[in-house]
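Only one structure is covered here, and it is reproduced in the block below.
Values below: every heavy atom of this structure, side chains too, minus hydrogens, waters and symmetry copies. What you see is a predicted model, and the numbers here were worked out from it, not measured in a lab.
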Amino acid sequence: QVRLVGSGGGLVQPGGSLRLSCAASVFGDILSINQMAWYRQAPGKQRELVATITPSERTNYADSVKGRFAISRDNAKNTMYLQMNSLKPEDTSVYYCNAAIATAITTFAVWGQGTLVTVSE
């Protein structure tokens with residue numbers, strides 16, 4: 001019913017910037033796309049929450065990215081973004097987008113396929 005496609009990853013030097021996008025395609029009847037989020041998973045580590053944003057654009061960030069990353073969304077386009085500045089090698093991860101979907105019957109979570117961010121000289 002809903003498909004998320006993440007994009008924008010790549011190789012960047014420390015101190016550089018990248019902007020990730022997550023586009024939601026809706027193929028059925030849903031009531032709303034509620035909270036959206038970015039997660040990341042580095043090799044050998046557990047997936048961790050990076051940032052969340054509600055439909056009213058209330059945001060929350062992991063301490064490790066506060067002041068460097070900014071999450072935003074365009075509800076008209078069903079798209080979420082993650083502006084990443086002052087990138088560090090420890091930000092290297094596969095970044096996944098996530099959305100909470102509400103239908104008339106239930107709510108469920110959808111994940112994007114992941115986009116790789118590598119921060120290295």
Side-chain angles (χ1 to χ4, degrees):
Q1 288 172 306
V2 178
R3 180 185 177 206
L4 299 182
V5 178
S7 62
L11 173 65
V12 63
Q13 291 185 335
S17 298
L18 279 176
R19 188 191 194 208
L20 305 184
S21 298
C22 176
S25 298
V26 180
F27 301 101
D29 290 331
I30 69 169
L31 293 180
S32 60
I33 299 176
N34 294 335
Q35 179 169 288
M36 300 184 78
W38 287 99
Y39 287 76
R40 67 185 181 185
Q41 187 167 19
K45 295 188 177 181
Q46 289 189 329
R47 190 171 296 188
E48 63 174 356
L49 179 64
V50 176
T52 63
I53 186 167
T54 67
S56 60
E57 301 187 46
R58 186 166 52 195
T59 61
N60 194 30
Y61 297 92
D63 288 343
S64 59
V65 306
K66 279 181 182 176
R68 301 188 298 122
F69 290 11
I71 189 172
S72 61
R73 64 191 286 174
D74 184 332
N75 292 325
K77 296 181 179 179
N78 288 337
T79 302
M80 173 179 64
Y81 307 95
L82 185 67
Q83 178 66 43
M84 305 186 295
N85 300 325
S86 302
L87 282 161
K88 304 175 181 179
E90 51 264 44
D91 294 317
T92 295
S93 288
V94 177
Y95 284 73
Y96 298 91
C97 53
N98 168 276
I101 309 299
T103 71
I105 300 172
T106 187
T107 59
F108 59 93
V110 179
W111 290 91
Q113 84 285 6
T115 184
L116 176 62
V117 173
T118 303
V119 185
S120 179
E121 295 286 356

Query raised in the report: Has the side chain of T103 got a donor or acceptor atom that lies under 3.5 Å from a matching backbone atom of I105?
Result: yes
Report task. State the OG-CG distance between S64 and L49, to the nearest 0.5 angstrom. Result -> 9.5 Å
Query raised in the report: From E48 CD over to Q41 CD, what is the distance, rounded to the nearest 0.5 angstrom?
Result: 9.5 Å
Query raised in the report: Looking only at atom types and distance, does a side-chain atom of Q113 sit under 3.5 Å from a main-chain N or O of G6, one as donor and one as acceptor?
Result: yes
Query raised in the report: Is a side-chain donor or acceptor of T118 paired with a backbone partner of T92 at a separation under 3.5 angstrom?
Result: no
Query raised in the report: About how many Å separate CG of N78 and CD1 of I30, when rounded to the nearest 0.5 Å?
Result: 6.5 Å
Requested in this report: Would you mind reporting whether M84 and V12 have side-chain heavy atoms less than 4.5 Å apart?
Outcome: no
Query raised in the report: Taking it one step at a time, do R58 and N60 satisfy side-chain hydrogen bond (donor to acceptor under 3.5 Å, both in side chains)?
Result: CA-CA 7 Å; R58 186 166 52 195; N60 194 30; over 6 Å; no
Report task. Check whether any side-chain heavy atom of S17 sits under 4.5 Å from a side-chain heavy atom of Q83, and report yes or no. Result -> yes
**Report entry** Close side-chain approach of V119 and K88, heavy atoms under 4.5 Å
**Finding:** no
Query raised in the report: With a 4.5 Å heavy-atom cut-off, do E121 and P14 have their side chains touching?
Result: yes
**Report entry** Check: Q1 and I101 side chains under 4.5 Å, non-hydrogen atoms
**Finding:** no
Query raised in the report: Would you say R40 and D91 make side-chain contact, with heavy atoms under 4.5 Å?
Result: yes
Report summary line: Residues pairing under ring pair (Phe, Tyr, Trp, His ring centres under 6.0 Å) where one sits in residues 58-106, two or more places apart or in two chains, turn out to be none
Query raised in the report: Do T54 and S56 have side-chain atoms, one donor and one acceptor, less than 3.5 Å apart?
Result: yes
Report task. Kindly indicate whether the side chain of T59, heavy atoms from C-beta on, has any atom under 4.5 Å from the side chain of E57. Result -> no
Query raised in the report: Can you find a pair of side-chain heavy atoms, one from S93 and one from R47, that are under 4.5 Å apart?
Result: no
